[in-house]
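The structure is given below, and queries will be raised subsequently.
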Amino acid sequence: MNYYPNYNPYQQIITPQYNPYPSAQPIQQPIQNNSIAGRMVDDFANIVANDVPMDGSAAVFVKRDMTEIQAKRWNPDGTISTVRFEPQKQAEIPKTSILSSDEEKSVFDTYFARLNERLDHLEGMIAPQKSVRQKKENENES
Amino acid sequence: MNPNQLLNSILSNSSLMQNPMAKNTLEMYRRGDIDGLKRIAENLCKERGVSVDSVAQNIFGKTK
């Protein structure tokens, strides 16, 4: 029989246990204000100083007809700075026409002329055979 | 509340100290930049569409 001097059958084996509910530590997250100050305006002249927040953040004002947007913010020297944004007008899509230029028209004219020539040639090849066949048919009928 | 207490209460207000204008004003006050402070006051009044005199009268009129 082996003797283990350090063996204690009543010893509690402490194993790290998984705790699904760890003690909740309050984590203070900074409150982020994700909203943007501002409003729709008929005229930018209607904007008053109180419309611009004094915490240094910018307020965005959109003209009701969407022709301009202005961002305003208080400067450290007590003035209000304004940044103007104008919508970029969508570039006009050029009219694409296959007959827009004389050059294109002449190319198509040439192409159709050649096509007509070939059709005529084919008709010429078919027409004599047809006439021979018709002659034979007429002879058989008579 | 004396001016120093007022200054300390402002300095302890973190949200106010994030305001660039307030920060700039306090720095000017600490430096003793009276002209700078005056300019800020004038700009503020101008942006708000009021005169410096009317604001001063309003403030000092009430404190009297």
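We name chains A, B, ... by the order of the sequence lines, and we start the count at 1 in each one.
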Practice prompt. Kindly state each residue pair satisfying side-chain hydrogen bond (donor to acceptor under 3.5 Å, both in side chains) with at least one member in residues 74-86 of chain A, sequence neighbours excluded.
Written response: A:Glu68-A:Arg84, A:Lys72-A:Thr82, A:Asn75-A:Thr79, A:Asn75-A:Ser81, A:Asp77-A:Thr79, A:Arg84-A:Glu86
Item to complete: Treating Ile, Leu, Val, Met, Phe, Trp and Tyr as nodes and any side-chain heavy-atom pair under 4.5 angstrom as an edge, say whether A:Val83 and A:Ile69 lie in one connected cluster.
Response: yes
Worksheet item: Who pairs with A:Arg39 by salt bridge (charged side-chain N to carboxylate O under 4.0 Å, His left out), at least two apart in sequence or on another chain?
Response: A:Asp51
Worksheet item: Which pair of heavy atoms, one from B:Asn24 and one from A:Pro76, lies closest together, and at what distance?
Response: ND2-O, 2.8 Å
Worksheet entry | More than 12 heavy atoms from other groups under 6.0 Å of CD on A:Glu103 | no
Fill in: hydrophobic_cluster_shared for B:Ile59 and B:Val50, side chain cutoff 4.5 Å
yes
Only distances under 3.5 Å count here; give the side-chain donor-acceptor pairs of residues 31-42 of chain B to other protein atoms, sequence neighbours excluded, each with its distance to 0.1 Å.
from: B:Asp33; atom 1: OD1; to: B:Gly36; atom 2: N; distance (Å): 2.9

Worksheet item: Linking I/L/V/M/F/W/Y whenever their side-chain heavy atoms sit closer than 4.5 Å, directly or via other members, would A:Leu119 and A:Tyr111 fall into one cluster?
Response: no
Worksheet item: Can you find a pair of side-chain heavy atoms, one from B:Arg48 and one from A:Val48, that are under 4.5 Å apart?
Response: no
Worksheet item: Is it the side chain or the backbone of B:Glu47 that comes within 4.5 Å of chain A heavy atoms, both, or neither?
Response: both
Fill in: Proximity of residues 57-67 of chain A to chain B, residues having a non-hydrogen atom under 4.5 angstrom
none
